[in-house]
Amino acid sequence: MDILLNKNCIQKRISEMATEISDYYQNQAWHRYAGEPVTIICILTGAVFFMADLVRQLTIPVELDFIRASTYSGKTTKAQPTKIISPSTTRLHDAHILIIDDILDTGRTLRTVQTHLAWPYPEDIHTAVLLRKPDKAPKDIRVDFVGFDIDDKWVAGYGMDDRYGKRRAVPYVFVDEG
Ligand code: IMP
Ligand code: MG
């Protein structure tokens, strides 16, 4: 098994991202003058550990919510449209949304989620992902904060599954040869 990112390396980068994200929001007028929170929308299931580790290091006020999008299993990547199967329950009108996902691959999930969350007219939407496959990710998908760019291989661990829904709970990211 090929470990791509060990526990320390993931945690170090998440601390850096927490600083980048906190700095960004701390410089927004609405934060400085009104102390408004950032509404974190975590895309289940893969992003749970990333979200949990990241938000506990942010120095800005946050509210947490979860959304579930239909996913495909890695081996049967038939072009099914991605759908929101469990929407956010937070009032999002005028909110400052930060979408958190584990990995940007074909971009279908983020495109669907970003479009879905634009409907209640939030004030702004930003996106953070732990991993991105730059060779595959469409250039027009906006992602504001990226942990690591990786090769186009199936990875698992740290929340991500091995195409069969398993191995999510290991604390490192490995290349899953299938
Ligand atoms: P996309 O819609 O193709 O960008 O894929 C996004 C979703 O598919 C992510 O939120 C993951 O849940 C899953 N995914 C994509 N690539 C991988 C991978 O290499 N390992 C595990 N899950 C993945
Ligand atoms: Mg996912």
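In each ligand, atom 1 is the first atom listed, and ligand 1 is the first ligand listed. As the structure is a prediction and not an experimental result, all values here were calculated from the model.
- Scanning for salt bridge (Lys or Arg N to Asp or Glu O under 4.0 Å) contacts around E16 gives K12, R13, with sequence neighbours left out.
- Atoms of ligand 1 found under 4.0 Å from any heavy atom of T109 (numbered from 1 in listed order, with element): 1 (P), 2 (O), 5 (O), 6 (C), 7 (C).
- Distances below 4.0 Å separate heavy atoms of D161 from the following atoms of ligand 1: 21 (C).
- Each of D105, D144, D149 was checked for a salt bridge (charged side-chain N to carboxylate O under 4.0 Å, His left out) with R132, and the lone residue meeting it is D149.
- Residue contacts with ligand 1, taken as heavy atom pairs separated by less than 4.0 Å, do not involve D176 at all.
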* Intermediate values then yes/no, side chain to side chain donor-acceptor pair (under 3.5 Å), H96 and E36 -> CA-CA 8 Å; H96 306 281; E36 290 172 29; 2.7 Å; yes
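- To the nearest 0.5 Å, atoms OG1 (T90) and CG (L64) are separated by 9.0 Å.
- Residue A156 places every heavy atom at 4.0 Å or more from ligand 1.
- Here the closest heavy-atom approach between residue G157 and residue V170 is recorded as CA-CG2, 3.4 Å.
- Centroid-to-centroid, the aromatic rings of Y24 and H126 come within less than 6.0 Å.
- Within a 6.0 Å radius of CZ in R91, no more than 12 heavy atoms belonging to other residues, nucleotides or ligands are found.
- The N/O atoms of L104, backbone and side chain alike, include none that comes under 3.5 Å of an N/O atom in ligand 1.
- Ligand 1 lies less than 4.0 angstrom from a heavy atom belonging to K153.
- With atom 9 (C) of ligand 1 as the reference point, the heavy atom nearest to it among D102, D105, I141, V129 is part of D102.
- For ligand 1, the atoms lying closer than 4.0 Å to a non-hydrogen atom of R108 are 1 (P), 2 (O), 4 (O).
- Near K133, with a cut-off below 4.0 Å to any heavy atom, the atoms of ligand 1 are 16 (N), 17 (C), 18 (C), 19 (O).
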Show which side-chain atoms of residues 37-56 pair as donor or acceptor with protein atoms under 3.5 Å away, not counting sequence neighbours.
residue	atom	partner	partner atom	Å
T45	OG1	R68	NH1	3.1
D53	OD1	R56	NH2	2.8
D53	OD2	Q11	NE2	2.9
D53	OD2	Y158	OH	2.5
R56	NE	A52	O	2.8

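- The two residues S70 and P81 have their closest heavy-atom pair at OG-O, 4.1 Å.
- At a 4.0 Å cut-off, not a single heavy atom of R111 sits close enough to ligand 1 to count as contact.
- Distances below 4.0 Å separate heavy atoms of G107 from the following atoms of ligand 1: 1 (P), 3 (O), 4 (O).
- If you check each of L110, D101, I103, V155 against atom 13 (C) of ligand 1, the one with the closest non-hydrogen atom is I103.
- Applying the 4.0 Å criterion to heavy atoms of M160 picks out, from ligand 1, the atoms 21 (C).
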